[in-house]
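Here's the structure, in structure tokens; my notes come after.
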Amino acid sequence: MVLPVANPTKSYWIEAAESPLRDFRSTEELPQECDIAIVGSGYAGASTAYWIHKYTESSAKKPQMVMLEARDICGSATGRNGGQLRPHAYSRYLPWKERFGAEGAIELIRHEMAHLSAFKELAEQEGITEEVCLKFGETFDAAMTEEAWTRLRGNYEAMRQDHGEDDEFFKLIKLIEDAAGAEEFSQMKGALAAITHPAGQIWPYKFVHAILRIVLEAGNLNLQAHTPAKSISERDANGWITITTDRGELRARTVIHTTNRWASHLLPEFSKLILGERATLAAIKAPEGFIKHTGAQHWDQSVNNYHLQLPSPYNAVILGGGRQYTVHMPEACFPNDEEDKQVPGIADFFQSWPTSDVADWPTSSLPELARDVDDGGCWTGMETSVIDSFPFVGPVPNREGHWMAAGFAGHGMPRILLSAAHNVPKVLEALKFEQKPPSLVANYPPLLAPFHATPERVERLLRTADVGALAKAYKEKCEMSAVKAFCCDERSKPKI
Ligand SMILES: Cc1cc2nc3c(=O)[nH]c(=O)nc-3n(C[C@H](O)[C@H](O)[C@H](O)COP(=O)(O)OP(=O)(O)OC[C@H]3O[C@@H](n4cnc5c(N)ncnc54)[C@H](O)[C@@H]3O)c2cc1C
């Protein structure tokens, strides 16, 4: 049983946003009943509420929703992530092909890429593009070693071989094979080569707060911050599911679990399938417009950094990864739920990045955190680990009236919006609400098989789930990286 820890470290996104919805409660008292209870107010919960609103906008009777959030609104992974709206455009092609075949792999890529146009359309329709700092451009994977280049290039070549250069996505992916070109494009010192493709960046916390504001204005959402759902019942003979909180009970016709890492608190059958993995980031002061592209540096399969720069007036670089440093302390990452603690010494490592990794970082701009270290300068978050690397979306097996969209792990931005859109019409149909698909969903691919929370998938995973073995394998992988030269310079070695 696991609930979000109280007093998590403070993230730049949350502190700098200064949102009026941060601690919002629509009513002083918890409502007693509703049609749809959504547990969790991150990107999955907010998208679910948004799609319910869009599907029933013109209906005579709209479902009454209540959203319960254990922390402040959007106070967990979505408020603490890297802000990268960066599909796996090619870089997972080989492992996905091995599991799902060449067609299955390309479909997964299409689903992720579709999120770029979905975000663009949604933000334009709602007039929130600037508010949520949504930007599109080219991103890069910079290979910092031959090992990384072999892996990245191998995925690219295999995709080209299977799908040809005529594939619409393939045309968008470019190889920069010479080191000078890679360094110039990526601004990363020492990049040997790079692969680029379209991607976006966003302020995820502001996005969630913006779409929640839109749904609140529509009038059928009751939002309740600081209200953890402590326990939940099965659906009773009268069709009600009861959620118990410290502020009283709420009964709902249907419950949608959008609780990410913490899904297993209310659904213990997921306790071996969705696990606590902690990651860390920092916000670094940078000259306006200095970093041109979002991107990632890769050394080996465990060691990477990723970053973006926010537009003016914020200008901060959001830097994540820090794996040259954290591979020395695997237990600080997985399994680990200590979101109320910093990774000791990581702030110094992040602060050394501009001068050690970025070409031509101006000497006039000594690397400094954008806020005090414990006030949003550096933070931790539950990146979450899912046993087969795909989230669970759809009706919860063997629990009538319960639905879920949880376990999106460290790669949710190009997955969640359209996953949530998949659940909503089915939930509305089950509750017999009149609905009309919004124009926004018309052109997007359906949810793919690896995402579905089928009883067969859950049973199969439970038969082999071994958390101890996973932790051991994770530790061994970190140890293998920790002795490589790129993890052994002075700044990468923990001082404690
Ligand atoms: C450090 C870090 C960096 C990341 N970087 C990126 C990135 O750059 N790009 C990318 O695509 N993805 C990234 N991710 C992953 C991405 O942030 C997640 O996949 C996504 O935010 C998950 O959204 P969610 O709504 O499912 O989860 P969350 O945002 O975690 O929302 C779940 C909510 O449920 C609440 N909750 C849980 N249990 C209960 C309960 N019992 N009662 C009430 N409320 C409850 C939680 O408090 C939380 O607010 C990163 C994640 C982390 C942590």
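Numbers here simply count residues along the sequence, with the first being 1. Read the numbers this way: they start at 1 and go in the same order the structure lists the ligands and their atoms.
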For this session: Report the residues that fulfil ring pair (Phe, Tyr, Trp, His ring centres under 6.0 Å) with His328, sequence neighbours left out, ordered by chain and then residue number.
Result: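 His328 satisfies ring pair (Phe, Tyr, Trp, His ring centres under 6.0 Å) with no other residue.
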Problem set entry | By ring pair (Phe, Tyr, Trp, His ring centres under 6.0 Å) - contacts of Phe136 (at least two apart) |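 With neighbours one apart ignored, the set is empty.
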Exercise. Does a salt bridge link Lys10 with Asp340, judged by any charged N lying under 4.0 Å from a carboxylate O?
Worked result: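 Salt bridge flag = no for Asp340 with Lys10.
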For this session: Verify the distance criterion only: is there a donor paired with an acceptor across the side chains of Gln224 and Arg247 at less than 3.5 Å?
Result: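 Yes, because at least one side-chain N or O of Gln224 sits under 3.5 Å from a partner of the opposite role on Arg247.
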Exercise. List by chain and number: which residues place a heavy atom under 4.0 Å from ligand 1?
Worked result: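 Leu3, Pro4, Val39, Gly40, Ser41, Gly42, Tyr43, Ala44, Leu68, Glu69, Ala70, Ser76, Ala77, Thr78, Arg80, Asn81, Gly82, Gly83, Gln84, Thr227, Pro228, Ala229, Thr258, Thr259, Asn260, Trp262, Ala279, Leu281, Tyr306, Gly381, Met382, Glu383, Phe408, Ala409, Gly410, His411, Gly412, Met413, Pro414, Ile416.
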For this session: Answer yes if the ring centres of Phe392 and His452 are under 6.0 angstrom apart, and no otherwise.
Result: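 Aromatic pair excluded; centres sit 6.0 Å or further apart.
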Exercise. Which residue pairs satisfy the salt bridge (charged side-chain N to carboxylate O under 4.0 Å, His left out) criterion with at least one member in residues 392-407, sequence neighbours excluded?
Worked result: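 Those involving residues 392-407 are Glu234-Arg399, Arg235-Glu400, Glu269-Arg399.
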